[in-house]
Amino acid sequence: MDILHKLRFAIYPPIFLVVFIMASYCTFPKDVLKDMAETSITMTAMGMGPKNRGLADVTLDDISLWRLSGVNVAGLKVAWPPQKTSPAVIFELDSLKGRVGIFSLLVGAKSIYLATELYGGEIAGDIKIKRQNGLGLIDIVGSQIDLGKMAFFDALLGAPLQGLVNFAVDIDGNSELSKDGTGTITLNFENLGYGPGSIRLPAGGFVSSLSVRKVAL
(Lines give C-alpha, C1' and ligand atoms only; values in the text may rest on other atoms or scores of the structure.)
Protein backbone atom coordinates (compact mmCIF):
# COMPACT_ATOMS: atom_id res chain seq x y z
CA MET A 1 0.00 0.00 0.00
CA ASP A 2 2.85 2.37 0.77
CA ILE A 3 4.27 1.74 -2.69
CA LEU A 4 0.93 2.52 -4.36
CA HIS A 5 0.60 5.61 -2.18
CA LYS A 6 3.97 6.87 -3.37
CA LEU A 7 3.35 5.92 -7.01
CA ARG A 8 0.17 7.97 -7.26
CA PHE A 9 2.23 11.09 -7.93
CA ALA A 10 3.76 9.35 -10.96
CA ILE A 11 0.52 7.75 -12.17
CA TYR A 12 -1.98 10.60 -11.83
CA PRO A 13 -0.31 13.12 -14.22
CA PRO A 14 -0.23 10.74 -17.24
CA ILE A 15 -3.82 9.66 -16.57
CA PHE A 16 -4.92 13.29 -16.34
CA LEU A 17 -3.11 14.10 -19.60
CA VAL A 18 -4.74 11.19 -21.45
CA VAL A 19 -8.20 12.12 -20.17
CA PHE A 20 -7.63 15.77 -21.09
CA ILE A 21 -6.58 14.92 -24.64
CA MET A 22 -9.52 12.55 -25.14
CA ALA A 23 -11.95 15.13 -23.78
CA SER A 24 -10.49 17.81 -26.05
CA TYR A 25 -11.05 15.69 -29.16
CA CYS A 26 -14.51 14.53 -28.07
CA THR A 27 -15.77 18.01 -27.18
CA PHE A 28 -14.09 19.85 -30.08
CA PRO A 29 -16.61 22.53 -31.24
CA LYS A 30 -16.34 21.68 -34.93
CA ASP A 31 -19.39 23.61 -36.15
CA VAL A 32 -18.51 26.75 -34.20
CA LEU A 33 -14.90 26.78 -35.39
CA LYS A 34 -15.99 26.03 -38.95
CA ASP A 35 -18.14 29.17 -38.97
CA MET A 36 -15.31 31.18 -37.37
CA ALA A 37 -12.81 29.90 -39.93
CA GLU A 38 -15.08 30.74 -42.86
CA THR A 39 -15.65 34.24 -41.49
CA SER A 40 -11.94 34.86 -40.88
CA ILE A 41 -10.94 33.61 -44.33
CA THR A 42 -13.68 35.74 -45.93
CA MET A 43 -12.31 38.86 -44.23
CA THR A 44 -8.78 37.96 -45.35
CA ALA A 45 -9.97 37.37 -48.92
CA MET A 46 -11.55 40.83 -48.97
CA GLY A 47 -8.14 42.39 -48.44
CA MET A 48 -6.16 40.10 -50.74
CA GLY A 49 -8.54 39.26 -53.57
CA PRO A 50 -9.51 41.15 -56.74
CA LYS A 51 -11.02 44.49 -55.77
CA ASN A 52 -13.58 44.44 -58.58
CA ARG A 53 -14.94 40.97 -57.81
CA GLY A 54 -17.00 41.67 -54.72
CA LEU A 55 -17.31 39.51 -51.61
CA ALA A 56 -15.69 36.08 -51.79
CA ASP A 57 -17.65 32.91 -51.11
CA VAL A 58 -15.71 30.69 -48.67
CA THR A 59 -16.52 27.04 -48.03
CA LEU A 60 -14.66 24.20 -46.36
CA ASP A 61 -15.52 20.52 -46.17
CA ASP A 62 -14.26 19.71 -42.69
CA ILE A 63 -12.29 21.06 -39.74
CA SER A 64 -10.77 19.03 -36.93
CA LEU A 65 -8.40 19.31 -34.01
CA TRP A 66 -4.77 18.66 -34.90
CA ARG A 67 -1.99 17.93 -32.40
CA LEU A 68 -3.99 19.45 -29.55
CA SER A 69 -3.07 23.10 -30.25
CA GLY A 70 -3.88 23.27 -33.96
CA VAL A 71 -6.58 22.71 -36.55
CA ASN A 72 -6.77 20.78 -39.80
CA VAL A 73 -8.97 22.24 -42.54
CA ALA A 74 -9.91 20.01 -45.49
CA GLY A 75 -11.36 21.06 -48.83
CA LEU A 76 -11.01 24.84 -48.55
CA LYS A 77 -12.48 26.77 -51.50
CA VAL A 78 -12.52 30.54 -52.01
CA ALA A 79 -14.52 31.80 -55.01
CA TRP A 80 -15.04 35.32 -56.28
CA PRO A 81 -18.18 35.88 -58.41
CA PRO A 82 -17.98 35.91 -62.21
CA GLN A 83 -18.11 39.02 -64.35
CA LYS A 84 -19.91 39.58 -67.64
CA THR A 85 -16.76 38.94 -69.66
CA SER A 86 -14.94 36.44 -67.41
CA PRO A 87 -15.74 33.41 -65.26
CA ALA A 88 -15.47 33.13 -61.49
CA VAL A 89 -12.04 33.22 -59.84
CA ILE A 90 -11.64 30.11 -57.68
CA PHE A 91 -8.79 29.28 -55.31
CA GLU A 92 -8.67 25.82 -53.72
CA LEU A 93 -6.62 24.04 -51.05
CA ASP A 94 -6.80 20.30 -50.54
CA SER A 95 -5.78 20.64 -46.90
CA LEU A 96 -4.48 23.30 -44.54
CA LYS A 97 -2.92 22.52 -41.16
CA GLY A 98 -1.80 25.04 -38.60
CA ARG A 99 -0.79 24.88 -34.96
CA VAL A 100 0.69 27.13 -32.30
CA GLY A 101 3.49 25.74 -30.14
CA ILE A 102 2.20 25.33 -26.58
CA PHE A 103 5.58 25.90 -24.94
CA SER A 104 6.18 29.07 -26.98
CA LEU A 105 2.96 30.55 -25.56
CA LEU A 106 4.23 29.99 -22.03
CA VAL A 107 7.17 32.33 -22.64
CA GLY A 108 5.08 35.03 -24.31
CA ALA A 109 6.11 34.33 -27.90
CA LYS A 110 4.33 32.42 -30.65
CA SER A 111 5.72 29.63 -32.80
CA ILE A 112 3.33 28.78 -35.62
CA TYR A 113 3.64 25.78 -37.92
CA LEU A 114 1.73 25.70 -41.22
CA ALA A 115 1.38 22.98 -43.86
CA THR A 116 -0.84 22.87 -46.90
CA GLU A 117 -1.41 20.72 -49.97
CA LEU A 118 -2.51 22.52 -53.11
CA TYR A 119 -2.45 22.06 -56.88
CA GLY A 120 -0.37 18.91 -56.80
CA GLY A 121 2.30 20.36 -54.50
CA GLU A 122 2.78 21.30 -50.90
CA ILE A 123 3.91 24.19 -48.71
CA ALA A 124 5.28 23.87 -45.18
CA GLY A 125 6.87 26.37 -42.88
CA ASP A 126 7.48 27.91 -39.49
CA ILE A 127 6.65 31.45 -38.40
CA LYS A 128 7.84 32.91 -35.11
CA ILE A 129 6.40 35.99 -33.46
CA LYS A 130 8.44 37.56 -30.69
CA ARG A 131 7.13 38.81 -27.37
CA GLN A 132 6.59 42.33 -28.70
CA ASN A 133 4.23 40.88 -31.36
CA GLY A 134 6.88 41.52 -33.97
CA LEU A 135 7.42 39.00 -36.76
CA GLY A 136 10.83 37.48 -36.07
CA LEU A 137 11.28 34.52 -38.39
CA ILE A 138 9.82 33.06 -41.60
CA ASP A 139 10.98 29.69 -42.86
CA ILE A 140 8.72 28.39 -45.64
CA VAL A 141 9.35 25.85 -48.40
CA GLY A 142 7.05 25.14 -51.35
CA SER A 143 7.57 22.34 -53.84
CA GLN A 144 6.09 21.08 -57.11
CA ILE A 145 3.12 23.46 -57.24
CA ASP A 146 1.47 23.05 -60.65
CA LEU A 147 0.51 26.36 -62.24
CA GLY A 148 -1.48 24.51 -64.89
CA LYS A 149 -4.00 23.42 -62.26
CA MET A 150 -4.67 27.02 -61.16
CA ALA A 151 -7.73 27.88 -63.21
CA PHE A 152 -7.91 31.37 -61.72
CA PHE A 153 -4.89 32.42 -63.82
CA ASP A 154 -6.94 31.72 -66.93
CA ALA A 155 -9.83 33.74 -65.49
CA LEU A 156 -7.61 36.69 -64.56
CA LEU A 157 -5.13 36.71 -67.46
CA GLY A 158 -7.24 35.31 -70.28
CA ALA A 159 -4.76 32.49 -70.91
CA PRO A 160 -3.41 29.72 -68.67
CA LEU A 161 0.05 29.37 -67.17
CA GLN A 162 1.94 26.06 -67.22
CA GLY A 163 4.86 24.82 -65.23
CA LEU A 164 5.94 23.86 -61.72
CA VAL A 165 6.97 26.27 -58.97
CA ASN A 166 9.44 25.62 -56.17
CA PHE A 167 10.40 28.27 -53.63
CA ALA A 168 12.10 28.73 -50.28
CA VAL A 169 11.89 31.68 -47.89
CA ASP A 170 14.34 31.87 -44.99
CA ILE A 171 14.33 35.25 -43.22
CA ASP A 172 15.31 36.00 -39.62
CA GLY A 173 15.29 39.23 -37.65
CA ASN A 174 16.99 40.17 -34.40
CA SER A 175 14.02 42.23 -33.23
CA GLU A 176 11.59 42.48 -36.16
CA LEU A 177 11.79 41.50 -39.84
CA SER A 178 10.75 44.94 -41.10
CA LYS A 179 13.66 46.55 -39.23
CA ASP A 180 16.61 44.17 -39.23
CA GLY A 181 15.54 41.10 -41.16
CA THR A 182 18.09 39.26 -43.28
CA GLY A 183 17.88 36.06 -45.25
CA THR A 184 17.22 34.57 -48.66
CA ILE A 185 14.27 34.02 -51.00
CA THR A 186 14.70 31.44 -53.76
CA LEU A 187 12.21 30.99 -56.60
CA ASN A 188 12.48 28.33 -59.28
CA PHE A 189 10.23 27.53 -62.25
CA GLU A 190 10.22 24.31 -64.27
CA ASN A 191 8.93 24.31 -67.87
CA LEU A 192 7.20 27.66 -67.44
CA GLY A 193 4.82 28.63 -70.24
CA TYR A 194 1.93 30.96 -71.03
CA GLY A 195 -1.03 30.31 -73.34
CA PRO A 196 -2.62 29.48 -75.63
CA GLY A 197 -5.59 31.69 -74.99
CA SER A 198 -7.30 34.97 -75.66
CA ILE A 199 -6.27 38.06 -73.71
CA ARG A 200 -9.14 40.48 -73.08
CA LEU A 201 -8.30 44.07 -73.99
CA PRO A 202 -9.78 47.22 -72.38
CA ALA A 203 -13.15 48.31 -73.72
CA GLY A 204 -13.21 51.06 -76.34
CA GLY A 205 -10.46 49.70 -78.56
CA PHE A 206 -10.63 48.39 -82.12
CA VAL A 207 -10.54 44.78 -80.91
CA SER A 208 -11.86 43.23 -77.71
CA SER A 209 -9.32 40.43 -77.42
CA LEU A 210 -5.94 39.26 -78.63
CA SER A 211 -5.15 35.62 -79.43
CA VAL A 212 -1.94 34.29 -77.91
CA ARG A 213 -0.13 31.12 -78.85
CA LYS A 214 1.72 29.07 -76.24
CA VAL A 215 4.87 30.91 -75.24
CA ALA A 216 7.77 29.15 -73.51
CA LEU A 217 9.13 31.30 -70.70
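On a predicted model such as this, the values are computed, not experimentally measured, just so you know.
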[X] vs [Y] side-chain heavy atoms within contact, under 4.5 Å:
X	Y	answer
L114	I127	yes
I90	V78	no
E190	Q144	yes
L147	L164	no
M150	E92	no
E38	L60	yes
V169	T186	no
I145	F167	yes

Please give me the minimum heavy-atom distance between [X] and [Y], naming the atom from each residue.
X	Y	answer
G197	A159	CA-CB, 3.8 Å
G125	Y113	O-CD1, 3.4 Å
P196	P160	O-CD, 3.2 Å
W80	A88	O-CB, 3.2 Å
Q162	G195	NE2-O, 2.9 Å
Y119	F152	OH-CE2, 3.7 Å

Worksheet item: Can you check side chain to side chain contact (heavy atoms under 4.5 Å, CB included) on L55 and T42, steps first, answer last?
Response: CA-CA 8 Å; L55 187 64; T42 300; 3.7 Å; yes
Spell out, yes or no, whether [X] and [Y] are grouped together once hydrophobic residues are joined by side-chain heavy atoms under 4.5 Å, including indirect joins.
X	Y	result
I112	L137	no
V100	I129	yes
L118	V141	no

Item to complete: Go through the steps to decide whether V58 and L76 satisfy the test side chain to side chain contact (heavy atoms under 4.5 Å, CB included), and finish with yes or no.
Response: CA-CA 8 Å; V58 178; L76 176 61; 4.0 Å; yes
Between [atom1] on residue [X] and [atom2] on residue [Y], distance to nearest 0.5 Å:
X	Y	atom1	atom2	answer
S95	D61	OG	CG	11.5 Å
L65	N72	CG	CG	10.0 Å
L93	K77	CG	NZ	12.5 Å
L217	L192	CG	CG	4.5 Å
I123	E117	CD1	CD	11.0 Å
I171	D139	CD1	CG	10.0 Å

Discussion item. Using the rule given for side chain to side chain contact (heavy atoms under 4.5 Å, CB included), can you reason through V73 versus D62, listing the C-alpha separation, both sets of side-chain angles and the distance that settles it, and then say yes or no?
Written reply: CA-CA 6 Å; V73 176; D62 188 39; over 6 Å; no
Worksheet entry | Verdict with reasoning, N191 to F189, per side chain to side chain contact (heavy atoms under 4.5 Å, CB included) | CA-CA 7 Å; N191 301 319; F189 295 99; over 6 Å; no
